[in-house]
Structure formats: C-alpha cells, structure tokens
A.B. asks: 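Sharing a structure, written as structure tokens. Questions coming.
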Amino acid sequence: VPIDPSELRNTLSHFLTGVTIVTTRDHQNIPRGFTANSFTSVSLDPPLILACLANNASSFDAFDTCTQFAVNILADDQRELSNTFASKRKANKFEGARLLDRERTAPVVDGALAWLDCDIQQRIPAGDHVILIGRVVDHGQAERYPLGFFAGNYLDLSLGRCKNSRAQFQHSKRYL
Ligand SMILES: Cc1cc2nc3c(=O)[nH]c(=O)nc-3n(C[C@H](O)[C@H](O)[C@H](O)COP(=O)(O)O)c2cc1C
C-alpha cells in the first residue's frame, strides 16, 4: 500500500518540535526565509546543524545558491512571525521584523530564543526536500520561552509555570 503524503504528514506532526525561521539573502541581497520545524542538531565537532527545505519553496533558489544561512529558534511570542514566514503570499516577509545588526549576511531576528549563523557545509537532495547542512560559525541565546509545535498547532510549553517539570535545559534556573 503506498504511503499517502497527507496521512504521513499527519503522523509526523505528532513529533513535538520547536519552530524556527531559516534565513539567507538571495543574489540581489534581498533577505529570504521560511518557517521550519525540520531543524535538528547534527554534530558538535565539527559544529553542524540541518534543516530541510521543500523543492517547491519560493525561496528554494536563494538557499540553493547561498553560502550562508541562519536558523532563528522562535520564542513563544513569535507566532505571528512564524505565520508570516510560512505564508507564500507575503511579498516581503521581513517587513516589521527587527533584525540584529551583524557583519554576516543571513538575517537574525531580534527577539528569537536562540540563533545559529552558518556557512553552507553541504546540500543533499532528498525526495521532495533538500537537506541544508550548516556549519555553525556563530550562535547566541536569550532568556525567553520556546514556541512549540504539535499536530499542526502552536503550543505554549508554559515552562515558566512547570517548576517541577523535567523539561530542563542548560540554564534552566534562569527560566524556572
Ligand atoms: C511550524 C511550521 C513548520 C514548517 N517546517 C517546514 C520545513 O521544515 N521545511 C519546509 O520546507 N517548509 C516548512 N514549513 C512550510 C514553509 O514555512 C512554507 O511552505 C513557506 O511558505 C515556505 O516559504 P517560501 O515558499 O516563501 O520559501 C513549515 C511551516 C510551519 C507553519
């Protein structure tokens, strides 16, 4: 029995993730980006991460030719930004987004929970997506709460209220 793509998407959506915006600049230096929950860590030494981009994304060419990209891990108050970057209709997704002033090219949005600025290490065609592997050259984090995504819906993980939760991360004392 062939696997139905939309049923597969539905099953995959039961894997709880965070939400990121992956950004770069195209050959005209115009900022481009898309919302992604396919982000994951790959390697610490060398420092590698990945995200998967659909072959039919309007930003595909920009990511297919760029030398740098950034992953912005979104905070719980950035749902609107996530929706904007997941929309195909929006002419300028970056309108209204405050960007950090940085030397490197890939846009980093102000207010993100964390960010990783990468050089392209490898692009691996994989089915209807391309796997973008980035080598981390700079990264940062902020004292905010994460935006979650589960079964097609945003999730307020409410880490601030889960004092006994095991959802601990490195600097959990700062958060809880
Ligand atoms: C929470 C969430 C996660 C998403 N994850 C991905 C992803 O990992 N890869 C992808 O290609 N599209 C993903 N999408 C869909 C893209 O954000 C969407 O197709 C967007 O319009 C692509 O932008 P573009 O076509 O302007 O490049 C996701 C959407 C949402 C809301």
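The structure displayed is predicted, hence computed values, not measured ones. We count ligands from 1, going down the list as the structure has it; atoms in each ligand are counted the same way.
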A.B. asks: Listed by chain and number, what are the side-chain contact (heavy atoms from CB on, under 4.5 Å) partners of His14, not counting sequence neighbours?
C.D. replies: Asn10, Phe150
A.B. asks: For residues 103-142, which residue pairs qualify under ring pair (Phe, Tyr, Trp, His ring centres under 6.0 Å), counting only residues two or more places apart or in two chains?
C.D. replies: none
A.B. asks: Report yes if some heavy atom in the side chain of Asn55 is under 4.5 Å from a heavy atom in the side chain of Val130; otherwise report no.
C.D. replies: yes
A.B. asks: Identify, with sequence neighbours excluded, every residue that meets salt bridge (Lys or Arg N to Asp or Glu O under 4.0 Å) alongside Asp138.
C.D. replies: Arg102
A.B. asks: Just so I know, are the side chains of Val22 and Phe39 near enough to count as touching, which here means a heavy-atom distance under 4.5 Å?
C.D. replies: no
A.B. asks: List by chain and number: which residues place a heavy atom under 4.0 Å from ligand 1?
C.D. replies: Phe34, Thr35, Ala36, Asn37, Ser38, Cys52, Leu53, Ala54, Ala57, Ser58, Ser59, Phe85, Ala86, Ser87, Lys88, Lys93, His129, Phe149
A.B. asks: So does Ser82 get a backbone contact from the side chain of Thr35, meaning a donor-acceptor N/O pair under 3.5 Å?
C.D. replies: yes
